[in-house]
Each structure stands twice: as C-alpha cells, then as structure tokens.
Trainee: 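One structure coming up, written as structure tokens, with questions to follow.
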2 protein chains.
Amino acid sequence: MNIGKAAKASGVSAKMIRYYEQTGLIPKAGRKDSGYRDYSSADVHMLRFIRKARDLGFSVSEIDGLLNLWRDRSRQSSDVKRIAQKHVDDLNERIEAMKQMAGTLQSLVDCCAGDARPDCPILADLEDDHDGSGAPARATLRPGSKGRS
Amino acid sequence: MNIGKAAKASGVSAKMIRYYEQTGLIPKAGRKDSGYRDYSSADVHMLRFIRKARDLGFSVSEIDGLLNLWRDRSRQSSDVKRIAQKHVDDLNERIEAMKQMAGTLQSLVDCCAGDARPDCPILADLEDDHDGSGAPARATLRPGSKGRS
DNA sequence: GCTTGACCTTCCCATCACTGGAAGGTCGAC
DNA sequence: GTCGACCTTCCAGTGATGGGAAGGTCAAGC
C-alpha cells in the first residue's frame, strides 16, 4: 500500500513516516516501479506501535530501544521494564516541577485583584529580588514557594 | 556594565540576552565605543524579571505581554491576571495529560515481571490494537512542552 | 611596548519532533 | 488527454537554548 494509506491505517502522518525512515527509526521502505514507497500490514503494525509509544510520551530514541526489544525474540522483560520505569520517573519529575510552578503562580493569581487598578502582586513578585544572586537557579524552583497542590 | 556581568547579575546567560535582543523581547542595548553592549542596573532588573517569569514557565511571548504591562503604569491588574491564569490553566492541562500517561505506563510497568523472560505486558500493550482506527489521538501535550527544567 | 588571557562581537549549526510548502512525477477516472 | 489526488525530494521554520569558530577589545603583567 502507498504511504498515505499506511498513514491513515497507523495514525502516523506520511510526513512522519518519511522522517522516521530518514532518521533510521524504521527501515527503508520497499519501492514500487514508480518510486512510490510500498508498505505491508506488518509495517503498519510497527507504525501503530510507534504511535502508541509516542502517545505515552516516549521520545523517539526511547522508542528506538523499545522497537529493538519488540523485534528481539530473546529479549528480557527487565530491559523493557527499565526503559519504561525510567520514563515514568522522568514524567513524574516533570509533573512535580510543573505542579510547583502552577501552585506558585496560582497563589499569586489568587492574590491579584484583577480589576482596573495597576497594582498587581504577580508583577510585584516577578520584579522582586527574592534572590539577588542570579545563581543558576533554573529548574530548582525557588524553595519556599507555596505550590504543592 | 558588559554583557557578562549583566548575565551573572541577572541569571540570564549572555547568549540569551543577545537572543532576547535579537527577537525584540528587550530593546537594543546601548554600545560603548568598542562596540560592546552596555547595561545599566535597570536593564539587569528587567532581565531578572524575565528570568523569574521563565522560571515560572511563561513562554517568551507571554513574557513579552507581561513586560509591556510591567512597563505600563496605567495597566489594569486584570490584564496581568488573565495572562497568568491562562498560563496556570495551560500548566494544569499539561499536568493532567502527563499524569494520565504516567499512570497508564506505571500500571503496565507494575504488571511486567522484569526478569529474564521475554514476555512483557508493556510491549504487548504497545503492540495491541485497542484502537485500530488510527484516529488523531495525539492529544493535549503540545510540542515543546517536554521539560523546561 | 608586547604578550597573554579573559572578555566581547557576529555568524552559523545543532537540538527535538514535527509541520509546511514548492517543484515536479505518477496514477486512475472520466 | 486532462484533471485531481496522490506521490517524490528538498528546503525552511518552529522555541529556547547551547556550542563553537573567527576575529576584535581590554587590562594586567613583563
């Protein structure tokens, strides 16, 4: 089948299929005489695998690892589990950081009158020098923020 | 002061300061005879504002809005509040999506023996056709939301 | 005065996972 | 044979940064 049909059947766009081929995530597709790529239902199966993994937030390089394990009949489930657990841990870490941000910001929003006057605790906080250092504080959201939903 | 000092004082890298200038987020810095950019403490103050907003996860375009309001003495706090609340809502939406992912994946991980055998419910689920449609399920986690940490 | 090293300048490239578009070839139906 | 839908490759852009090259400037020490 042509790439468009494979795209529809798998839920991965034609653009993406070509991109995945180019980057080596998937093997090069066979070609018809016309030069059109030709896909089997096994290919679609693989693409669907990829889409589902993306839907779970795996990065392309993680998916590369998962695909190799998927194809490897002598794989050890511990290898799969390790990749997945690592990803869950990453997700949870990011969730925590975002919760903190959201919490801090929500408390500022709650303190803001939101009327026609210019006074605003949100801007005041942004302007304020809690931390004059300019330390490389990226990510380590300020200690003492009220966050923590 | 030179850009390096302003960078240290504000916590925004010199690279980023130039980038923000280039994209118009901040006005063009004055120059010394040498051609070096020259910053005042007011500039550092502004850069610190930007860094704090980034730390709260605001995008550059949101910060552009906030900076304009910050400079606008006749601003209405409701405008600031709207931007911030919108951002909190975005954050919460992304948090929910990630929680869902993490939860789904964690339950799969929990079902995986993680031993030397090849059988693995994680791969099985990825392989499985819950949803043969190929529907555009690519939800709510917008690109670039990965981890600003 | 000269060298050295730290700093500055601009410019280009890479990231990550895509999306968009242009220019042109192929196919199937009418 | 013509039309529209599809396919091909290639090139560029996204957002917020980091990295590095090639070259100019400055201040200190000799």
Trainee: Roughly how many Å is it from CD1 in Ile17(A) to P in dC6(D), rounded to a whole number?
Mentor: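 Taking atom P of dC6(D) as the reference, CD1 of Ile17(A) is at 14 Å.
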
Trainee: Below 4.0 angstrom from OP1 or OP2 of dC18(C), is there any side-chain N or O of Arg18(A)?
Mentor: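 False: Arg18(A) side-chain N/O out of range (4.0 Å or more) of dC18(C) OP1/OP2.
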
Trainee: Provide, to the nearest angstrom, the distance between the OH atom belonging to Tyr20(B) and the C1' atom belonging to dG15(D).
Mentor: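 Result: 10 Å.
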
Trainee: Which residues pass the side-chain contact (heavy atoms from CB on, under 4.5 Å) test with Ser78(A), sequence neighbours left out?
Mentor: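 Checked Ser78(A) against side-chain contact (heavy atoms from CB on, under 4.5 Å); matches are Gln76(A).
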
Trainee: Whole Å only: how far is the NZ atom of Lys8(B) from the P atom of dC8(C)?
Mentor: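 Whole-Å distance recorded here is 9 Å.
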
Trainee: Rounded to the nearest angstrom, tell me the gap between atom CD1 in Ile63(B) and atom P in dT17(D).
Mentor: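 Ile63(B) atom CD1 is separated from dT17(D) atom P by 8 Å.
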
Trainee: Starting at atom CE of Met16(A), determine the distance to atom P of dG20(C), rounded to an integer number of angstrom.
Mentor: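 My rounded result for the distance is 11 Å.
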
Trainee: Using side-chain contact (heavy atoms from CB on, under 4.5 Å) as the criterion, list what pairs up with Thr23(A), not counting sequence neighbours.
Mentor: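 Counting only residues at least two positions away or on another chain, Thr23(A) forms a side-chain contact (heavy atoms from CB on, under 4.5 Å) with Tyr19(A), Leu25(A).
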
Trainee: Once salt bridge (Lys or Arg N to Asp or Glu O under 4.0 Å) is applied, do any residues pair with Lys15(A), and if so which ones, sequence neighbours excluded?
Mentor: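 Counting only residues at least two positions away or on another chain, Lys15(A) forms no salt bridge (Lys or Arg N to Asp or Glu O under 4.0 Å).
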
Trainee: With the side chain counted from C-beta on, respond yes when Asp43(A) and Ser40(A) share a heavy-atom pair under 4.5 Å apart, and no when they do not.
Mentor: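 The answer is yes, as the side chains (C-beta and beyond) meet within the 4.5 Å cut-off.
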
Trainee: So does Ser13(B) get a side-chain nitrogen or oxygen closer than 4.0 Å to the phosphate oxygens (OP1/OP2) of dG18(D)?
Mentor: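 Affirmative; the distance criterion is met.
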
Trainee: Bend across the helix from dG1(C)-dC30(D) to dC30(C)-dG1(D), to 10°, with axes taken over 5 pairs at each end?
Mentor: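 The value is 30°.
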
Trainee: Among residues at least two apart in sequence or on other chains, which ones pass ring pair (Phe, Tyr, Trp, His ring centres under 6.0 Å) with Phe49(B)?
Mentor: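 Testing Phe49(B) for ring pair (Phe, Tyr, Trp, His ring centres under 6.0 Å), a comparison that skips the adjacent residues, returns Trp70(B).
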
Trainee: To the nearest 0.5 Å, what is the distance between CG on Leu126(A) and CG on Leu56(B)?
Mentor: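 These two atoms lie 6.5 Å from each other.
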
Trainee: Can you tell me how far P of dC27(C) sits from NZ of Lys5(A), to the nearest Å?
Mentor: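 Answer to the nearest Å: 16 Å.
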
Trainee: Listing request: all salt bridge (charged side-chain N to carboxylate O under 4.0 Å, His left out) pairs with a residue in residues 96-116 of chain B, at least two apart in sequence or in separate chains.
Mentor: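 Sorted pair list: Glu96(B)-Lys99(B), Asp115(B)-Arg117(B).
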
Trainee: If a pair satisfies salt bridge (charged side-chain N to carboxylate O under 4.0 Å, His left out) and one of its residues is in residues 61-79 of chain B, list it, with sequence neighbours excluded.
Mentor: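 Sorted pair list: Asp79(B)-Arg82(B).
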
Trainee: What integer distance in Å separates Gln22(B):CD from dC12(C):C1'?
Mentor: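 Distance check: Gln22(B) CD to dC12(C) C1' gives 12 Å.
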
Trainee: Please tell me which of Tyr19(A) and Asn2(B) maps to the more 5' nucleotide of DNA chain C, matching each residue to the nucleotide holding its nearest heavy atom.
Mentor: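 The residue closer to the strand's 5' end, by nearest nucleotide, is Asn2(B).
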
Trainee: Give a yes or no on whether Glu93(A) atom CD has more than 12 heavy-atom contacts from other residues, nucleotides or ligands under 6.0 Å away.
Mentor: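 Result for CD/Glu93(A): open.
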
Trainee: Could you check which of dC18(C), dT17(D), dT9(C) has an atom nearest any side-chain atom of Ile3(B)?
Mentor: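 The nucleotide sitting nearest to the side chain is dT9(C).
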
Trainee: Enumerate all atom pairs, one protein N or O and one N or O from nucleotides 20-23 of chain D, separated by less than 3.5 Å.
Mentor:
unit_1  : atom_1 : unit_2   : atom_2 : d
dG20(D) : O6     : Lys15(B) : NZ     : 2.3

Trainee: Rounded to whole angstroms, how far apart are CZ on Arg54(B) and C1' on dG15(D)?
Mentor: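 Roughly 8 Å, once rounded to whole Å.
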
Trainee: Near DNA chain C, under 4.0 Å by heavy atom, which residues of residues 28-44 of chain A?
Mentor: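 Correct list: Ser34(A), Tyr36(A).
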
Trainee: With ring pair (Phe, Tyr, Trp, His ring centres under 6.0 Å) as the rule and sequence neighbours excluded, what pairs involving residues 77-128 of chain B come up?
Mentor: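 Passing the test, one end in residues 77-128 of chain B: Phe58(B)-His87(B).
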
Trainee: Run the side chain to side chain donor-acceptor pair (under 3.5 Å) test against Thr104(B) and tell me which residues pass, sequence neighbours left out.
Mentor: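 Here no residue qualifies.
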
Trainee: Could you give all pairs that pass the side chain to side chain donor-acceptor pair (under 3.5 Å) test and reach residues 25-34 of chain B, with sequence neighbours left out?
Mentor: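 Pairs touching residues 25-34 of chain B that pass the test: Asn2(B)-Lys32(B).
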
Trainee: Using a 4.0 Å heavy-atom cut-off across all strands, classify Thr23(A) as base, sugar-phosphate, or nothing.
Mentor: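 Nothing, no nucleic acid heavy atom in range.
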
